[in-house]
2 protein chains.
Amino acid sequence: MTETEPQKSGTIRDRQYQAIIDAAIEEFSRHGFRATSVQAISDRVGTSKANVHYYFKNKETLYSKVLDHIVILWNSSFDQIRADEEPAVALERMIRAKVRLSYTHASASRLFANEILQGAVHLGNYLRHTQRQWVKNKVSIIQSWIDSGKMDPVDPAHLIFLIWSSTQHYADFETQVLTILNRAEYEEEMIDAIAEFLCQVILKGCGLRD
Amino acid sequence: MTETEPQKSGTIRDRQYQAIIDAAIEEFSRHGFRATSVQAISDRVGTSKANVHYYFKNKETLYSKVLDHIVILWNSSFDQIRADEEPAVALERMIRAKVRLSYTHASASRLFANEILQGAVHLGNYLRHTQRQWVKNKVSIIQSWIDSGKMDPVDPAHLIFLIWSSTQHYADFETQVLTILNRAEYEEEMIDAIAEFLCQVILKGCGLRD
DNA sequence: GTCTATACGACGATAGAC
DNA sequence: GTCTATCGTCGTATAGAC
């Protein structure tokens with residue numbers, strides 16, 4: 001955190017700021033940018049519409065701050081896999097971390113999905129620079145594992161997409177998954193079972209098990 | 001098609017009706033229900049807002065008609081896999097069909113994703129009945145393959161979710177995928193490569209290859 | 001620092017002329 | 001069957017009282 005970013009505890013201002021951000025994540029994640037009203041956010045905080053505008057000059061900047069928040073979370077959570085690791089170990093760690101992230105930060109995941117689905121208007125630069133570079137880096141590591149015969153020759157970029165899609169699915173399509181499985185909400189053991197299932201199929205699918 | 005559903009060709013009424021449905025799919029798929037305006041739909045058709053209200057009494061019923069449209073498409077495209085088939089053949093056919101569907105009907109896929117993401121308010125009944133039954137049926141077929149030792153013991157429901165998520169990803173997260181791969185749009189050969197990649201990893205991951 | 005009041009545009013929807 | 005005009009509501013955003 002920098003000194004320009006308010007802290008959770010401290011002055012009323014800082015607590016209000018954080019409360020608005022938290023409420024905004026929930027609202028934006030369910031309805032996207034356009035369909036979310038400042039009224040809904042202020043209701044959730046328990047303050048007035050006008051007060052939200054006092055802290056954030058308009059809806060756009062509030063949305064941007066929320067996205068910044070999530071991008072920082074994403075970047076810090078994306079595991080740094082290294083070329084000198086065993087691919088089975090590194091990929092399993094990556095899959096398990098992403099499954100947990102989808103569980104602990106489901107709203108953030110849905111907000112991200114909403115933004116991409118609608119064309120990533122506000123995240124274009126992040127995708128083009130930060131994330132493209134991140135993928136490029138991981139692709140070259142995976143390729144080095146393939147070249148040294150440690151795993152099957154699979155397309156590294158699509159492997160990353162497969163890990164992203166299969167793990168995020170449980171956050172983004174939570175409603176569908178829970179409805180079909182006839183559950184009210186996820187439980188710890190179900191999350192572990194999902195991680196175990198994905199590790200089994202994906203790692204074996206890359207020639208890293210059995 | 002029933003006689004209550006207008007045809008593509010025929011009277012002006014029928015052509016207009018279909019044009020509005022098509023435009024609505026595009027708008028709703030990008031922005032979801034709430035953030036889509038009837039104005040945007042009528043602009044896309046090239047008619048007036050009032051005229052859309054002449055064909056559909058309100059936004060809600062238009063949205064419902066569009067969802068019906070997509071559900072029918074989904075149901076007719078979901079391959080009927082049978083217990084007496086070889087699992088490798090049946091699952092490969094299912095994966096390839098879903099990859100193609102994400103390519104040829106990307107907007108429909110995104111609209112569906114938007115609806116689930118926002119809590120599936122309009123699709124709750126479909127998920128609870130039609131789709132849950134469909135999954136139940138496929139789960140028992142996959143389980144029979146496992147019981148007869150034809151494939152590894154993997155959780156059948158999660159296998160279906162894996163196939164759904166990994167294939168839909170290329171439609172729903174199209175913007176992210178294309179940006180990271182630095183492409184303007186998908187090409188036929190890329191779609192084939194994706195299908196091949198997913199078949200390789202998922203089938204091998206279930207003990208159905210090598 | 002928070003609240004009331006309000007401006008003003010866009011929205012969904014309808015009525016009525018043609 | 002389509003168009004213009006218009007209604008009431010809700011949206012974002014601001015000004016000013018306290």
Side-chain angles (χ1 to χ4, degrees), chain A residues 4-67 111 114-115 118 121-122, chain B residues 4-67 111 114-115 118 121-122:
Chain A
T4 57
E5 291 289 322
Q7 306 299 307
K8 240 178 198 167
S9 57
T11 62
I12 295 174
R13 171 171 194 88
D14 296 343
R15 276 188 283 112
Q16 277 284 56
Y17 183 98
Q18 194 58 40
I20 293 171
I21 291 276
D22 291 344
I25 289 178
E26 289 304 314
E27 291 297 323
F28 283 133
S29 74
R30 278 295 179 192
H31 311 111
F33 175 71
R34 279 209 242 176
T36 295
S37 67
V38 177
Q39 177 83 78
I41 295 171
S42 65
D43 284 353
R44 189 179 274 268
V45 174
T47 184
S48 69
K49 205 164 59 161
N51 202 27
V52 172
H53 280 287
Y54 168 72
Y55 285 98
F56 301 90
K57 68 168 172 287
N58 55 35
K59 202 170 91 165
E60 190 89 22
T61 60
L62 172 53
Y63 187 64
S64 289
K65 289 288 178 193
V66 167
L67 281 181
L111 175 39
N114 241 314
E115 171 64 16
Q118 303 186 10
V121 193
H122 300 81
Chain B
T4 57
E5 289 289 321
Q7 307 299 307
K8 240 178 199 167
S9 57
T11 62
I12 294 174
R13 173 173 193 87
D14 296 343
R15 275 187 284 112
Q16 277 284 58
Y17 185 97
Q18 193 58 42
I20 293 171
I21 291 276
D22 291 343
I25 289 177
E26 289 304 313
E27 291 298 322
F28 283 133
S29 74
R30 278 294 179 194
H31 311 112
F33 175 70
R34 278 209 241 177
T36 295
S37 67
V38 177
Q39 178 80 205
I41 295 171
S42 65
D43 284 352
R44 189 180 273 270
V45 174
T47 184
S48 68
K49 199 168 62 163
N51 201 27
V52 172
H53 280 288
Y54 168 72
Y55 284 98
F56 301 90
K57 67 168 172 285
N58 56 33
K59 201 170 92 163
E60 191 90 20
T61 59
L62 173 53
Y63 187 65
S64 288
K65 289 288 178 192
V66 166
L67 282 180
L111 176 38
N114 241 314
E115 171 63 16
Q118 302 185 11
V121 193
H122 300 80

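What you see below is based on every heavy atom in this structure, not just the backbone, and it leaves out hydrogens, waters and symmetry mates.
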S.K.: Students often get this wrong, so: under 4.0 angstrom with heavy atoms, is A/Phe56 touching a base, only sugar-phosphate, or nothing?
M.R.: nothing
S.K.: Within the side chain of A/Ser42, is there an N or O that forms a donor-acceptor pair under 3.5 Å with the backbone of A/Val52?
M.R.: no
S.K.: Indicate whether OP1 or OP2 belonging to C/dG1 is found under 4.0 Å from a side-chain N or O atom of A/Thr47.
M.R.: no
S.K.: Over all strands shown, is B/Lys49 touching base, sugar-phosphate only, or nothing at heavy-atom distances under 4.0 angstrom?
M.R.: base
S.K.: Within the 4.5 Å heavy-atom criterion, are A/Glu115 and A/Tyr63 side-chain neighbours or not?
M.R.: yes
S.K.: Can you tell which of D/dG1, D/dT12, C/dC11 lies closest to the side chain of A/Val38?
M.R.: D/dT12
S.K.: Whole angstrom is fine here: how far is it from OH in B/Tyr17 over to C1' in D/dG1?
M.R.: 17 Å
S.K.: Quick one: is C/dC11 close enough that its OP1 or OP2 comes under 4.0 Å of any side-chain N or O from B/Ser37?
M.R.: yes
S.K.: Under 3.5 Å, is there a donor-acceptor pair linking the side chains of B/Thr61 and B/Asn58?
M.R.: yes
S.K.: With a 4.0 Å limit, can you tell me whether B/Tyr54 has a side-chain N or O closer than that to the phosphate oxygens OP1/OP2 of D/dG1?
M.R.: yes
S.K.: Whole angstroms only, please: what is the CG-P distance between A/Asn51 and D/dT12?
M.R.: 15 Å
S.K.: Look at B/Asn58 and C/dG12 and indicate whether a side-chain polar atom (N or O) is within less than 4.0 Å of OP1 or OP2.
M.R.: no
S.K.: If I take atom CZ in residue B/Arg34 and atom P in nucleotide D/dC10, what distance separates them, rounded to the nearest angstrom?
M.R.: 13 Å
S.K.: Rounded to whole angstroms, how far apart are NZ on A/Lys59 and P on D/dG11?
M.R.: 9 Å
S.K.: Using atom CD1 of B/Ile20 as one end and atom P of D/dG1 as the other, report the distance to the nearest whole Å.
M.R.: 13 Å
S.K.: I need the CD-P distance between A/Gln39 and C/dC11, as an integer number of Å.
M.R.: 19 Å
S.K.: Any side-chain N or O of A/Ser48 less than 4.0 Å from the OP1 or OP2 oxygen of C/dA5?
M.R.: no
S.K.: Check whether the ring centres of A/Tyr17 and A/Tyr55 lie less than 6.0 Å apart, and answer yes or no.
M.R.: no
S.K.: By the 4.0 Å heavy-atom rule, please label A/Ser42 as base, sugar-phosphate, or nothing.
M.R.: nothing
S.K.: Out of D/dA13, C/dG12, C/dT4, which has the shortest distance to the side chain of B/His53?
M.R.: C/dG12
S.K.: Flag this pair as yes if the NZ/CZ of A/Lys65 is under 6.0 angstrom from the six-membered ring centre of A/Phe56 and inside a 45 degree cone about the axis; otherwise no.
M.R.: no
S.K.: Between C/dA13 atom P and B/Ile41 atom CD1, what is the distance in whole Å?
M.R.: 11 Å
